[in-house]
Amino acid sequence: MRIEDYGLIGDLHTAALVSRAGSIDWLCLPRFDSGACFAALLGGPEHGRWLLAPTSDDARVSRRYRPETFILETTFELDEGAVRVIDFMPPRTANPVLARIVEGVRGEVEVATELVIRFDYGSAVPWVTRVDGALVAIAGPNALRIDTPADLRGEEMTTVGEVVVSPGDRVPFVLSWFPSHEHVPEPVDAGDALGRTESFWAEWSGACEYDGDWAEPVRTSIRVLKALTYEPTGGIVAAPTTSLPEWIGSVRNWDYRYCWLRDATLTIVALIDSGYLDEARAWRRWLFRSAAGDPSDLQIMYGVAGERRLLEFEVEWLPGLEGSAPVRVGNAASEQLQLDVYGEVIDAFYTGRVHGLEASDHAWQLTRHLLAFLENAWRRPDAGIWEVRGPNRHFTHSKVMAWVAFDRAVRTVETWGHDGPVEHWRALRDEIHADVCRNGYDADLSTFVQSYGSKRLDASVLLIPLVGFLSPDDPRVIGTVDAVGRGLSRDGLIARYEAEEENVEVDGLPPGEGVFLPCSFWYAANLALIGRSDEARELFARLVGLRNDLGLISEEYDPVAERMLGNFPQAFTHLTLVACAYVLEKGSRLTD
């Protein structure tokens with residue numbers, strides 16, 4: 001399976017990836033960042049999966065989500081009949097539940113199930129016993145209850161079975177996780193769970209207020225953000241997966257099952273402008289809690305409950321997607337200094353107010369603490385937005401976002417009268433602005449560059465007009481857009497930077513990755529702001545067309561092989577899609 005061959009289902013605590021072939025190849029329980037019990041996505045069936053599909057290999061497959069939900073329906077058409085598999089995870093009330101219903105559509109079809117349970121990322125084979133008519137699988141702290149009226153049997157450490165369905169037949173398969181030291185939970189009625197799940201998503205999606213030109217992709221993207229939300233805390237993970245490669249066979253494989261502060265502003269604006277104030281408040285509260293503490297210790301990412309220790313290690317027994325090793329758990333970039341996140345947090349607080357969130361004394365006190373640290377720290381080199389693993393540098397984007405931090409603080413005082421040394425902040429804002437224009441802009445190339453003193457292009461400088469650092473009609477902005485379009489375009493899509501041999505010194509990794517889809521949306525937004533609206537809309541439409549048949553999209557893309565790359569589905573890409581749609585329609589910056 002390619003990355004785009006997967007669909008997403010989830011319960012607002014975790015999520016599963018379901019292939020077009022009817023196999024659930026990725027599921028972490030009980031949280032997004034827990035160990036996987038199905039890890040075939042990064043290996044093979046022996047590392048855990050749950051296949052539920054016709055025994056014949058000749059099926060023609062189509063699939064869809066039930067309207068405005070994350071209930072996945074996969075239809076298998078054969079000459080002798082047709083069958084539908086309905087996959088969903090009901091919003092959690094107690095233990096996590098994964099339900100699958102086989103539904104006869106036409107004729108008689110034999111459907112087989114192959115359940116390979118391998119806890120701890122494919123390494124732990126459970127003991128399986130029968131308890132009150134159910135199968136119970138236990139290994140270490142994890143346990144699963146499997147309920148179905150179909151006959152199941154064990155074969156070579158795998159649970160298998162077959163069932164023949166006719167029109168009107170509905171055969172449920174229900175998997176429930178529970179801590180192995182607790183009593184086996186009561187069975188779950190799949191029909192009732194399906195009704196609850198559909199009602200939940202229909203009600204939630206019905207509250208979406210977006211009614212612009214791009215209704216389907218925007219509404220789908222907002223729904224993806226909800227599915228990637230850890231409901232108990234309001235945190236939103238970057239993706240439900242780890243180590244899906246940024247290039248097939250490369251080592252650029254990272255764990256994205258955590259919450260990045262960098263997404264804060266886009267998340268809040270996307271949710272508020274689409275009518276979801278409660279979710280925006282929950283995200284902001286998560287931000288408060290996670291960013292609390294010494295400002296010098298602010299991390300770029302945290303666990304879904306605000307955890308700071310995201311220690312990175314390699315899962316050596318998993319070969320990776322198409323042999324793209326290593327598979328990583330944890331993320332060492334959480335320990336990096338990335339100065340741009342200070343600007344992004346403060347911008348999120350300010351933009352939330354602009355877009356309708358109530359005032360928060362907590363937010364303002366945190367803002368002042370962060371600024372007290374940043375007034376000296378902005379001069380330091382850092383790892384930058386791309387979390388390079390080479391030496392720290394004076395990245396232009398990081399300095400621009402430091403400017404954003406002081407600019408938003410000044411605006412907050414001017415707009416709402418908060419206390420603060422506004423003249424001091426204005427002076428720092430002006431100093432940073434002059435520093436960036438002097439050291440981050442190359443007059444010979446007519447563009448802002450990746451870092452001070454370099455000649456390298458970097459798509460992150462496309463944020464300069466989007467955050468209001470310079471006006472879109474400034475010649476330096478127009479020159480930068482032109483330079484990025486010429487130098488970082490790969491078949492019309494935008495790479496993050498020039499990832500060739502010379503770049504090894506910058507990011508500490510070998511070259512080779514796809515185009516970066518959020519950067520391509522930034523480029524489209526820039527085209528709109530500088531008056532090239534037709535080009536902007538054409539590019540936006542092309543990017544929307546890269547999504548899979550279910551409307552999901554990853555972090556990167558290979559325009560030659562025409563396939564998705566990177567973790568999937570990617571919140572940052574869906575966020576920038578929404579942001580770009582608003583820019584195209586409003587004709588102004590996102591935060592205006």
J.: With salt bridge (charged side-chain N to carboxylate O under 4.0 Å, His left out) as the criterion, how do D5 and R2 come out once you've worked through the C-alpha distance, each side chain's angles and the decisive distance to 0.1 Å?
T.: CA-CA 5 Å; D5 289 327; R2 290 187 171 197; 6.0 Å; no
J.: Just wondering, are more than 12 heavy atoms of other shown residues or ligands nearer than 6.0 Å to CG in D297?
T.: yes
J.: For W386 and D458, run side chain to side chain contact (heavy atoms under 4.5 Å, CB included): C-alpha distance rounded to whole Å, both residues' side-chain angles, the deciding distance at 0.1 Å, then the answer.
T.: CA-CA 10 Å; W386 307 130; D458 192 303; 2.9 Å; yes
J.: Can you list the steps and then say if N253 with S324 is a side-chain hydrogen bond (donor to acceptor under 3.5 Å, both in side chains)?
T.: CA-CA 8 Å; N253 315 316; S324 301; 5.3 Å; no
J.: Whether K226 and E231 form a salt bridge (side-chain N of Lys/Arg under 4.0 Å from carboxylate O of Asp/Glu) is what I want to check.
T.: yes
J.: Does the side chain of N331 come within less than 4.5 Å of W254's, by heavy atoms?
T.: yes
J.: Do M89 and L98 have side-chain heavy atoms sitting under 4.5 Å apart?
T.: yes
J.: State whether the side chain of T14 and the backbone N or O of P30 hold a donor-acceptor pair below 3.5 Å, judged by distance alone.
T.: no
J.: Do L543 and L577 have side-chain heavy atoms sitting under 4.5 Å apart?
T.: no
J.: So, Y258 side chain and G330 main chain: donor-acceptor pair closer than 3.5 Å or not?
T.: yes
J.: Does a salt bridge link R252 with E555, judged by any charged N lying under 4.0 Å from a carboxylate O?
T.: no
J.: Have Q338 and R262 got a donor and an acceptor in their side chains that come within less than 3.5 Å?
T.: yes
J.: Do side-chain atoms of N439 reach the backbone of D435 as a donor and acceptor pair under 3.5 angstrom?
T.: yes
J.: Measuring from atom CD1 of I553 to atom NE2 of H574, what distance do you get when rounded to the nearest 0.5 angstrom?
T.: 6.5 Å
J.: With a 3.5 Å distance limit and no angle check, can you tell me whether S360 reaches the backbone of A363 through a side-chain donor-acceptor pair?
T.: yes
J.: With ring-ring contact (aromatic ring centres under 6.0 Å, His included) as the test, pick out the partner of F349 among F288, W416, W364.
T.: F288
J.: Does any N or O in the side chain of T241 come within less than 3.5 Å of the main-chain N or O of N567, such that one atom is a donor and the other an acceptor?
T.: no
J.: Got a second to check how far R456's CZ is from T396's OG1, nearest 0.5 Å?
T.: 13.0 Å
J.: One pair to check against side chain to side chain contact (heavy atoms under 4.5 Å, CB included): M401 and I346. What are the steps and the verdict?
T.: CA-CA 10 Å; M401 294 310 297; I346 294 170; over 6 Å; no
J.: With rounding to the nearest 0.5 angstrom, report the CZ to CZ distance, R284 to R289.
T.: 12.0 Å
J.: Between Y6 and S554, is there a side-chain donor-acceptor contact under 3.5 Å, judged purely by atom types and distance?
T.: no
J.: Using the side chain to side chain contact (heavy atoms under 4.5 Å, CB included) rule, take L529 and L466 through it: C-alpha gap first, then chi angles, then the decisive distance, then the call.
T.: CA-CA 9 Å; L529 290 179; L466 295 177; 3.5 Å; yes
J.: Just checking H13 against F32, ring centres under 6.0 Å apart?
T.: no
J.: Between A377 and L339, what is the shortest heavy-atom contact and its length?
T.: O-CD1, 3.3 Å
J.: Measure across L584 and A536 and return the closest heavy-atom pair with its distance rounded to 0.1 Å.
T.: CD2-CB, 3.7 Å
J.: How are the rings of W204 and W201 set relative to one another: parallel (under 30°), tilted (30 to 60°) or perpendicular (over 60°)?
T.: perpendicular
J.: State whether F516 and R496 meet the cation-pi test: NZ (Lys) or CZ (Arg) under 6.0 Å from the six-membered ring centroid, and within 45° of the perpendicular axis.
T.: yes
J.: Are there over 12 heavy-atom neighbours, none belonging to E316, within less than 6.0 Å of that residue's CD?
T.: no
J.: Mind checking whether W283 and I268 have side chains closer than 4.5 Å, heavy atoms only?
T.: yes
J.: Which heavy atom of L457 sits nearest a heavy atom of A483, and at what distance?
T.: CD1-O, 3.6 Å
J.: Indicate, with yes or no, if the rings of Y65 and F70 have centres closer together than 6.0 Å.
T.: yes
J.: Is there a donor-acceptor pair closer than 3.5 Å between any side-chain N or O of R547 and the backbone N or O of V544?
T.: yes
J.: Evaluate the side-chain proximity of R408 to W425: yes if any heavy-atom separation is below 4.5 Å, no if none is.
T.: no
J.: Look at the side chain of Q299 and the backbone N and O of R308, then say whether any donor-acceptor pair between them is shorter than 3.5 Å.
T.: yes
J.: Could you go through L244 and L41, starting from their C-alpha distance and side-chain angles, then the distance that decides it, and tell me whether this counts as side chain to side chain contact (heavy atoms under 4.5 Å, CB included)?
T.: CA-CA 9 Å; L244 293 182; L41 179 69; 3.8 Å; yes
J.: Strictly below 4.0 Å, N to O, side chains only: are R328 and D255 in salt-bridge contact?
T.: no
J.: When you measure from the side chain of S274 to the backbone N and O of C208, does any donor-acceptor pair fall under 3.5 Å?
T.: no
J.: Donor-acceptor check, side chain of E4 to backbone of N548, threshold 3.5 angstrom: yes or no?
T.: no
J.: Look at the aromatic rings of W214 and F540 and report parallel, tilted or perpendicular, splitting at 30° and 60°.
T.: perpendicular
J.: Report yes or no: is the cationic atom of R31 (NZ for Lys, CZ for Arg) under 6.0 Å from the centre of the six-membered ring of Y230, at an angle within 45° of the ring normal?
T.: yes
J.: Quick check for you: to the nearest 0.5 Å, what is the distance between D347 atom CG and L266 atom CG?
T.: 9.0 Å
J.: Heavy atoms, side chains only, cut-off 4.5 Å: are S460 and C519 in contact?
T.: no
J.: Looking at every non-hydrogen atom in both residues, tell me the closest pair between V237 and R257 and how far apart they are.
T.: CG1-O, 3.7 Å
J.: Does some side-chain heavy atom of L261 sit less than 4.5 Å from a side-chain heavy atom of I300?
T.: no
J.: Rounded to the nearest 0.5 Å, what separation is found between the OG1 atom of T229 and the CG atom of L271?
T.: 7.0 Å
J.: For L225 and A270, which heavy atoms make the closest approach, and how far apart are they?
T.: CD1-CB, 4.4 Å
J.: Look at R563 together with D558 and state whether they make a salt bridge at an N to O cut-off of under 4.0 Å.
T.: no
J.: Specify the closest pair of heavy atoms between A291 and L298, including all atoms of both residues, with the distance to one decimal.
T.: CB-CD1, 3.6 Å
J.: Indicate yes or no: at least one non-hydrogen side-chain atom of L539 is less than 4.5 angstrom from one of Y523.
T.: yes
J.: Between F373 and Y342 (judged by ring centroids, cut-off 6.0 Å), do the two rings come close enough to count as a pair?
T.: yes
J.: If you measure from CG on D407 to CZ on R411, what distance do you get to the nearest 0.5 Å?
T.: 4.5 Å
J.: Q336 side chain to V388 main-chain N or O, any donor-acceptor pair under 3.5 Å?
T.: yes
